[in-house]
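Computation of the quantities below employed the complete heavy-atom set of this structure, encompassing side-chain atoms and omitting hydrogens, waters and symmetry-equivalent molecules. Both counts, for ligands and for their atoms, begin at 1 and track the order of listing.
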Amino acid sequence: MSDKAIGVVGAGTMGQGIAQVLISSGFDAQLYDVADEQLGRAHSNIEKGLSKLVAKDKLSEADKNAALARLSTSTALDALSDCEVIIEAAPEQPALKEKLFRDLSHLSSDAILASNTSSLSLTRLAAVCERPERVVGMHFFNPVPVLKLVEVIRAEQTSDATVERIERLAEALGKTAVPVGDSPGFAVNRLLVPMINEAAFLVQEGAATPEAVDAAMKLGAAHPMGPLALADLIGLDVCLAIMNVLQDGFGDPKYRPCPLLKRMVDAGYLGRKTGRGFHRYD
Ligand SMILES: NC(=O)c1ccc[n+]([C@@H]2O[C@H](COP(=O)([O-])OP(=O)(O)OC[C@H]3O[C@@H](n4cnc5c(N)ncnc54)[C@H](O)[C@@H]3O)[C@@H](O)[C@H]2O)c1
């Protein structure tokens with residue numbers, strides 16, 4: 001693989017988006033997942049994503065095919081050994097990510113190891129790695145091909161060279177890098193998810209319906225999407241997990257997760273992905 005190869009770990013929602021943006025920006029992408037069927041799904045979703053751009057005249061058919069030719073997939077971690085940057089987008093589970101980072105730091109002695117974590121401590125992830133100065137947060141937003149922000153999160157151990165390399169990569173992908181410290185929720189989720197939590201309190205208290213909350217924030221605060229429709233898109237389980245991280249991280253009662261949010265997660269009403277959240281998706 002060329003020296004431009006970038007590794008992506010995890011071929012789910014985010015890994016697919018990141019791989020799509022990489023290959024359409026001219027990079028070779030090596031996509032790794034433990035589940036072979038997920039890699040097949042990812043390949044087909046990325047192809048669909050690029051075809052949409054062709055349909056909108058934003059990409060030629062030839063460029064789409066050239067981009068797809070830059071995508072490799074594998075269920076073998078070793079496939080990432082030649083990548084100069086590896087972007088991890090595996091599930092948001094501390095033990096799983098720590099094992100992955102430990103393994104990746106043994107696999108390659110010089111690759112930059114970037115995590116797309118929404119909420120976990122980069123400092124703790126770096127601590128399990130050899131050469132922790134190359135560990136950094138590279139937090140993309142969903143849908144990755146559309147949203148321009150990348151939060152670049154500096155762990156205590158992260159070197160300037162690592163941050164600069166990731167900022168350059170974000171720019172090459174057409175994104176805007178915003179530097180943030182390794183603080184729970186970073187910037188966007190610390191602001192956004194408590195707002196969603198407060199919206200859930202409004203519904204729990206019977207003060208407003210989900211439709212009313214969403215209409216109010218769209219019309220009164222010029223949000224393109226209401227907070228509860230957005231929560232359904234993000235996943236209510238993901239929102240609850242982020243509230244728990246904020247509460248644990250700051251120990252401040254203002255981050256108490258809304259009991260209604262907890263009950264909905266317990267019931268399996270996770271939002272769009274299960275067909276039901278604050279709204280119904282039939
Ligand atoms: N979904 C979002 O809106 C969003 C936004 C920003 C950041 N994130 C973060 O991105 C990461 C991935 O989230 P997602 O929504 O894409 O998750 P997802 O569940 O859609 O995908 C996770 C993928 O990881 C794979 N996987 C599981 N164990 C693995 C392992 N040990 N090694 C490699 N792959 C493994 C799964 O098979 C799956 O394909 C999380 O850290 C999440 O917090 C998510």
Side-chain angles (χ1 to χ4, degrees), residues 7-22 29-46 49 73-80 83 86-107 113-122 124-125 128 135-153 170 175 178 180 182 184-193 196 225 227 229-246 270-274 277:
V8 179
V9 173
T13 309
M14 296 304 286
Q16 291 174 20
I18 295 166
Q20 181 182 319
V21 169
L22 283 166
Q30 178 66 58
L31 183 57
Y32 159 77
D33 200 290
V34 285
D36 198 29
E37 68 279 7
Q38 188 64 19
L39 288 170
R41 230 172 279 142
H43 199 284
S44 123
N45 288 341
I46 291 169
T73 61
S74 179
T75 53
L77 193 71
D78 282 357
L80 302 170
C83 295
I86 300 172
I87 305 170
E88 171 275 320
E92 190 79 339
Q93 295 163 17
L96 183 148
K97 288 205 197 273
E98 281 175 23
K99 178 172 181 343
L100 258 172
F101 269 70
R102 197 177 295 118
D103 292 348
L104 289 170
S105 82
H106 291 147
L107 182 71
L113 305 178
S115 177
N116 185 50
T117 179
S118 303
S119 60
L120 302 178
S121 160
L122 273 310
R124 255 179 253 153
L125 269 185
V128 303
V135 174
V136 65
M138 187 175 194
H139 188 206
F140 291 86
F141 289 77
N142 187 20
V144 180
V146 176
L147 295 184
K148 294 285 174 215
L149 176 64
V150 172
E151 286 181 326
V152 177
I153 301 128
K175 306 293 181 196
V178 170
V180 214
D182 189 18
F186 315 129
V188 171
N189 283 334
R190 182 162 166 192
L191 294 166
L192 181 65
V193 183
I196 288 170
M225 192 181 222
L230 182 58
D232 284 351
L233 183 68
I234 295 171
L236 301 193
D237 50 338
V238 176
C239 294
L240 178 60
I242 294 171
M243 283 311 294
N244 284 328
V245 165
L246 293 174
L270 306 183
R272 279 180 188 259
K273 61 188 166 190
T274 58

How close do Leu149 and Val188 get, counting heavy atoms only, and between which atoms? CD2-CG2, 3.5 Å
Give the atoms of ligand 1, by number and element, whose distance to some non-hydrogen atom of Val9 is under 4.0 Å. 33 (C)
Do Gln38 and Asp33 meet the criterion of a side-chain donor-acceptor pair at a distance under 3.5 Å? no
Top protein contact for atom 17 (O) of ligand 1, by heavy-atom distance: Thr13 N, 4.7 Å
Can you check whether Asp36 reaches Thr73 side chain to side chain, under 4.5 Å on heavy atoms? no
Does ligand 1 have an atom under 4.0 Å from some heavy atom of Lys97? yes
Is there a side-chain contact between Asn189 and Glu151, using heavy atoms and a 4.5 Å cut-off? no
Is there side-chain contact between Leu230 and Leu192, with at least one heavy-atom pair below 4.5 Å? yes
Which option wins on minimum heavy-atom distance to atom 18 (P) of ligand 1: Gly12, Ser115, Ala90? Gly12
For Leu96, counting its heavy atoms only, list the atoms of ligand 1 lying under 4.0 Å from any of them. 28 (N)
Which is it for Glu88 and Lys97 under the salt bridge (Lys or Arg N to Asp or Glu O under 4.0 Å) test, yes or no, and what are the steps along the way? CA-CA 8 Å; Glu88 171 275 320; Lys97 288 205 197 273; 2.5 Å; yes
Taking the side chain as C-beta and beyond, is there a heavy-atom pair between Leu122 and Val136 under 4.5 Å? no
Student check: side-chain heavy atoms of Ile87 and Phe140 closer than 4.5 Å: yes
Just which atoms of ligand 1 are under 4.0 Å from any heavy atom in Thr117? 41 (O)
Of all the heavy-atom pairs spanning Leu39 and Ala11, show the shortest one and how long it is. CD2-CB, 3.8 Å
Compute whether any side-chain donor of one residue and acceptor of the other, for Gln30 and Ser74, lie under 3.5 angstrom apart. no
Does Ile234 have a heavy atom less than 4.0 Å from any atom of ligand 1? no
Within the structure provided, determine whether Arg124 and Pro94 are in side-chain contact (heavy-atom separation under 4.5 Å). no
Enumerated ligand 1 atoms positioned under 4.0 Å from heavy atoms of Gln38: 39 (O)
Where the closest heavy atom to atom 12 (C) of ligand 1 is concerned, which of Ala241, Ser118, Ala89, Ser119 has it? Ala89
For atom 33 (C) of ligand 1, the protein heavy atom that lies nearest, with its residue and separation: Tyr32 CE2, 3.5 Å
Contact with ligand 1 for Phe140, non-hydrogen, under 4.0 angstrom: yes
Atom 35 (C) of ligand 1: of Ile18, Leu31, Asn116, Val34, the nearest heavy atom sits on Val34
List the closest protein heavy-atom neighbour of atom 14 (P) of ligand 1: residue, atom name, distance to the nearest 0.1 Å. Met14 CG, 3.9 Å
Can you tell if the side chain of Ile196 reaches within under 4.5 Å of the side chain of Ile234, non-hydrogen atoms only? yes
I'd like the name of whichever of Ala35, Pro91, Gly10 reaches closest to atom 26 (N) of ligand 1 through any heavy atom. Pro91
What is the closest protein heavy atom to atom 41 (O) of ligand 1, and at what distance does it sit? Glu92 OE1, 2.5 Å
Does atom 39 (O) of ligand 1 have a protein heavy-atom neighbour under 4.0 Å away? yes
Between His139 and ligand 1, is there a nitrogen or oxygen pair with a distance under 3.5 Å? no
Gly15 N/O to ligand 1 N/O under 3.5 Å: no
Compare Asp36, Val8, Leu100, Asp33 and give the one whose heavy atom is closest to atom 37 (O) of ligand 1. Asp33
